[in-house]
Chemist: 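Structure provided below as structure tokens; questions to follow.
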Amino acid sequence: MWSREVEESLGFTEKLKSWLSWSWTYVCFIWFGMVLIMIYVLWSPLKLQETLTSVFLNTLTPKFYVALTGTSSLISGLILIFEWWYFRKYGTSFIEQVSVSHLRPLLGGVESSSTTGLFSSVNGEAEPRPSVSECKVWRNPLNLFRGAEYNRYTWVTGKEPLTYYDMNLSAQDHQTFFTGDTQQLKPEDAVMQKAWRERNPQARIRAAYQAIEMNHECAAAYVLLAEEEATTITEAERLFKKALSIVLFLHTRSQHEAWFSFYQYINLLVYIKRRLAMCARKLGRIKEAVKMMRDLMKEFPLLGMLNIHENLLEALLELQAYADVQAVLAKYDDISLPKSATICYTSALLKARAVSDKFSPEAASRRGLSTAEMNAVEAIHRAVEFNPHVPKYLLEMKSLILPPEHILKRGDSEAVAYAFFHLQHWKRAEGALNLLHCTWEGTFRIIPYPLEKGHLFYPYPGCTETADRELLPSFHEVSVYPKKELPFFILFTAGLCSFTAILAMLTHQFPELMGVFAKAFFSTLFAPLGFFADKMESFMPSSFWHQLTRI
């Protein structure tokens, strides 16, 4: 019984809200019409025009105009300061927030961009949203070789492509991966730990040779030389193969030693095999590189955090083995796995490739999008929402730089790393870049306040700009999204404040002249209403005015 009464009261409330929402527009029109009728009725009997112009305006002194404009300027300035502070803190206008949160629900409005059901797992359970304040930096799966590639850029341009923050992260990775977290370090391992922390490349190389003198079986030292001293990929591959032979021997021997040594050699083995596969990819032996990557993923399936599948996707795209690429995506583009620009944009590339050769914006606007074209457009929107920086690099609207050794997912650093290696694959698919050019900006129309609210992914992190500025060199202009546009009410208040401040200053300096202007303005403002009332009076019978006066 009680529940039935609650349902009836809720139904009545919903009906009342819908009625208010329907009648609001008509109430405004009725009120405006009543105001006009009242002015028309009272204009002649009460002689409003003469009262306003002769009695009211003539009695106002210049001090009144100074006080009026000064007070208006002060009030509008305070509103502007409060609006700006609220916008800087919460990202929206206070007036707009109040109207959306309180007035709109009262009038029956609903939120247009509900996120219900967007963060559900496969089993239907709610998936926890990642914290937007936590920006995790990942090792770039396709990072270049310092000696053979990064240093060449420095020799030619004189610019450093890597930041100290980026190289420091790499040093920490190498210490953890190659020397382990143990107090019982060998002498050569202690030397290598210091070598990774050295800022000077020559000091690192000298320390590597010192470690080799202590122990000719120091594989980590050969890894450092392959990364930083080798000036060509061929030379780097030779040093990595030498390190691999040492690690395989030590790995076999370490299976009967302490457990930490065993895992230390496992890390070295995976790292070296991966870099050898990348050497083969760079030297044109792509099928060999693909085989090495597949074997590595099959042999060490628990090391998925290294993202070796991204190396595999790039190599398969170079072979144009699109069916194999789709098979890899089907395994790693899962709702429970973390996404990356490589996964999202490769999926978009495959769907765009199926329709891009015959796609025409004019034809699509006439006949509408087909199912395949709609799938391609939705895949592009999904990719752009995940990382909005990539399209400008793919469309060559922004110049590329060498990718850093670490990337921030959904950041400009990840966009640079992806476009650096995958731009050629988009160019190879005929019409894919044209389809991207025609559709990518539509993502920002779908999401209110671009990327501040999640649509297919969790909301775009606001800390990406700070992390990207530390990862990318100073000569690179970091892309920043979302660019918060100033709300209308802040712009309106700023204009109102400026206008009233100018009026206040002019009134203070020239009170007599501004008083004349004010009187002329009000006279001009009410003149049309008097003309309208006089015209309407000529059409009305005199008996009407006698009855109105008597009332």
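Side chains included, hydrogens not; waters and symmetry mates left out as well; all remaining heavy atoms used.
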Chemist: Is the number of heavy atoms from other residues, nucleotides or ligands within 6.0 Å of CZ (Arg382) greater than 12?
Modeler: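 Yes, enclosed.
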Chemist: For the residue pair Leu329 and Ile343, what are the closest heavy atoms and their distance?
Modeler: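 Nearest pair, atom of Leu329 first, then Ile343: CD2-O, 3.9 Å.
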Chemist: Please check if the side chain of Thr231 supplies one atom and the backbone of Ala148 the other of a donor-acceptor pair under 3.5 Å.
Modeler: no
Chemist: Using every non-hydrogen atom in the two residues, find where Ala315 and Val290 come nearest and quote the distance to one decimal.
Modeler: CB-CG2, 3.7 Å
Chemist: Starting at OH of Tyr222, measure out to OH of Tyr209 and round the result to the nearest 0.5 Å.
Modeler: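 If we round to the nearest 0.5 Å, Tyr222:OH and Tyr209:OH are 9.0 Å apart.
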Chemist: Once you round to the nearest 0.5 Å, how far does CG of Leu319 lie from CD of Glu314?
Modeler: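 CD of Glu314 is found 9.5 Å from CG of Leu319.
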Chemist: If you take all heavy atoms of Pro404 and Asn143, which pair is closest and at what distance?
Modeler: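 Looking at all heavy atoms of both residues, the shortest contact is O-CB, 4.4 Å.
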Chemist: Under 6.0 Å from the ring centre and within 45 degrees of the ring axis: does the NZ or CZ of Arg410 meet both conditions for the six-membered ring of Tyr460?
Modeler: no
Chemist: How far does CE of Met374 sit from OG1 of Thr439, to the nearest 0.5 angstrom?
Modeler: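 If we round to the nearest 0.5 Å, Met374:CE and Thr439:OG1 are 11.0 Å apart.
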Chemist: Any donor-acceptor pair under 3.5 Å linking the side chain of Asp166 with the backbone of Glu405?
Modeler: yes
Chemist: Can a donor-acceptor pair be found between the side chains of Ser479 and Lys398 at a distance below 3.5 Å?
Modeler: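 There is such a pair (donor and acceptor under 3.5 Å, judged by atom type) between the side chains of Ser479 and Lys398.
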Chemist: Do Leu316 and Tyr322 have side chains that get closer than 4.5 Å, going by heavy atoms?
Modeler: no
Chemist: With rounding to the nearest 0.5 angstrom, report the CG to CD distance, Leu244 to Glu237.
Modeler: 11.0 Å
Chemist: Measure up the Trp196 and His174 rings against each other and bin them: parallel (under 30°), tilted (30 to 60°), perpendicular (over 60°).
Modeler: tilted
Chemist: Would you say Met297 and Val328 make side-chain contact, with heavy atoms under 4.5 Å?
Modeler: no
Chemist: Measure the spacing between CE of Met192 and CD of Gln210 and express it to the nearest 0.5 Å.
Modeler: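 Spacing of CE (Met192) from CD (Gln210) equals 10.5 Å.
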Chemist: Quick one: closest heavy-atom pair of Ile272 and Phe240, and the distance?
Modeler: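 Result for this residue pair: CG2-O, 3.4 Å.
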Chemist: Is the shortest side-chain heavy-atom distance between Arg204 and Arg146 below 4.5 Å?
Modeler: yes
Chemist: Do Val384 and Val390 pass the side chain to side chain contact (heavy atoms under 4.5 Å, CB included) test, and can you show the C-alpha distance, the side-chain angles, and the key distance before you say yes or no?
Modeler: CA-CA 7 Å; Val384 174; Val390 174; over 6 Å; no
Chemist: Specify whether His425 and His422 have parallel, tilted or perpendicular ring planes, treating 30° as the upper limit for parallel and 60° as the lower limit for perpendicular.
Modeler: perpendicular
Chemist: Using side-chain heavy atoms (C-beta onward) and a distance below 4.5 Å, is Tyr345 in contact with Ile380?
Modeler: no
Chemist: Which pair of non-hydrogen atoms, one from Leu402 and one from Pro161, has the smallest distance, and what is that distance?
Modeler: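 Heavy atoms only, the tightest pair is CD1-CB, 4.1 Å.
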Chemist: Quick one: does Asn387's side chain get under 4.5 Å of Tyr418's, heavy atoms only?
Modeler: no
Chemist: Walk me through whether Ile233 and Glu149 qualify under side chain to side chain contact (heavy atoms under 4.5 Å, CB included).
Modeler: CA-CA 9 Å; Ile233 300 298; Glu149 294 173 308; 4.3 Å; yes
Chemist: Taking 4.0 angstrom as the limit, do Glu318 and Arg428 come out as a salt bridge?
Modeler: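 A salt bridge links Glu318 with Arg428.
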Chemist: Look at the side chain of Ser347 and the backbone N and O of Cys344, then say whether any donor-acceptor pair between them is shorter than 3.5 Å.
Modeler: no
Chemist: Can you check whether Pro141's main-chain N or O pairs, donor with acceptor, with Asn311's side chain at less than 3.5 Å?
Modeler: yes
Chemist: Has the side chain of Glu228 got a donor or acceptor atom that lies under 3.5 Å from a matching backbone atom of Leu224?
Modeler: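 Here the side-chain-to-backbone pair does not exist.
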Chemist: Search all heavy atoms of Leu276 against all heavy atoms of Met292 and return the closest pair with its distance.
Modeler: CB-CE, 3.7 Å
Chemist: For salt bridge (Lys or Arg N to Asp or Glu O under 4.0 Å), just list the numbers for Glu396 and Lys427, CA-CA rounded to whole Å, side-chain angles, deciding distance to a tenth of an Å, and then say yes or no.
Modeler: CA-CA 11 Å; Glu396 299 181 82; Lys427 287 185 175 181; 3.3 Å; yes
Chemist: Just wondering, do Leu144 and Lys282 contact through their side chains at under 4.5 Å, heavy atoms?
Modeler: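 In short, these two side chains touch, coming nearer than 4.5 Å.
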Chemist: Answer yes or no: is there a donor N or O on one side and an acceptor on the other, between the side chain of Glu385 and the main chain of Leu456, under 3.5 Å?
Modeler: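 Indeed, once roles are kept as given, a pair shorter than 3.5 Å links the two residues.
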Chemist: Scan for salt bridge (charged side-chain N to carboxylate O under 4.0 Å, His left out) pairs involving residues 266-279, sequence neighbours excluded, and state none if there are none.
Modeler: Glu227-Arg275, Lys273-Glu299
Chemist: Between Glu414 (side chain) and Ala341 (backbone), is there a donor-acceptor pair under 3.5 Å?
Modeler: yes
Chemist: Do Phe300 and Ile308 touch side chain to side chain, with heavy atoms closer than 4.5 Å?
Modeler: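 Counting from C-beta outward, Phe300 and Ile308 never come under 4.5 Å.
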Chemist: Hey, does the side chain of Asp357 reach the backbone of Glu430 with a donor-acceptor pair shorter than 3.5 angstrom?
Modeler: no
Chemist: Quick one, Gln175 with Arg197, criterion side chain to side chain contact (heavy atoms under 4.5 Å, CB included). Give me CA distance, side-chain angles, the key distance, then yes/no.
Modeler: CA-CA 9 Å; Gln175 289 179 48; Arg197 292 196 296 265; 3.0 Å; yes
Chemist: Only distances under 3.5 Å count here; give the side-chain donor-acceptor pairs of residues 465-477 to other protein atoms, sequence neighbours excluded, each with its distance to 0.1 Å.
Modeler:
{"unit_1": "Glu465", "atom_1": "OE2", "unit_2": "Arg469", "atom_2": "NE", "d": "3.2"}
{"unit_1": "Glu465", "atom_1": "OE2", "unit_2": "Arg469", "atom_2": "NH2", "d": "2.9"}
{"unit_1": "Asp468", "atom_1": "OD1", "unit_2": "Ser413", "atom_2": "N", "d": "3.2"}
{"unit_1": "Asp468", "atom_1": "OD1", "unit_2": "Ser413", "atom_2": "OG", "d": "2.8"}
{"unit_1": "Asp468", "atom_1": "OD2", "unit_2": "Asp412", "atom_2": "N", "d": "2.7"}
{"unit_1": "His476", "atom_1": "NE2", "unit_2": "Tyr393", "atom_2": "OH", "d": "3.1"}
{"unit_1": "His476", "atom_1": "NE2", "unit_2": "Asp412", "atom_2": "OD2", "d": "3.0"}

Chemist: Between CE of Met293 and CG of Asp295, what distance do you get to the nearest 0.5 Å?
Modeler: 11.5 Å
Chemist: Trp440: what forms a ring-ring contact (aromatic ring centres under 6.0 Å, His included) with it, not counting sequence neighbours?
Modeler: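 Phe444.
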Chemist: Between Arg152 and Thr232, is there a donor-acceptor pair closer than 3.5 Å when you use the side chain of the first and the backbone of the second?
Modeler: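 Answer holds: no.
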Chemist: Determine whether Val137 and Tyr165 satisfy the following criterion, side chain to side chain contact (heavy atoms under 4.5 Å, CB included), listing intermediate values before the conclusion.
Modeler: CA-CA 11 Å; Val137 176; Tyr165 174 73; 4.2 Å; yes
Chemist: Take atom NZ in Lys242; do more than 12 heavy atoms of anything else shown fall under 6.0 Å from it?
Modeler: no
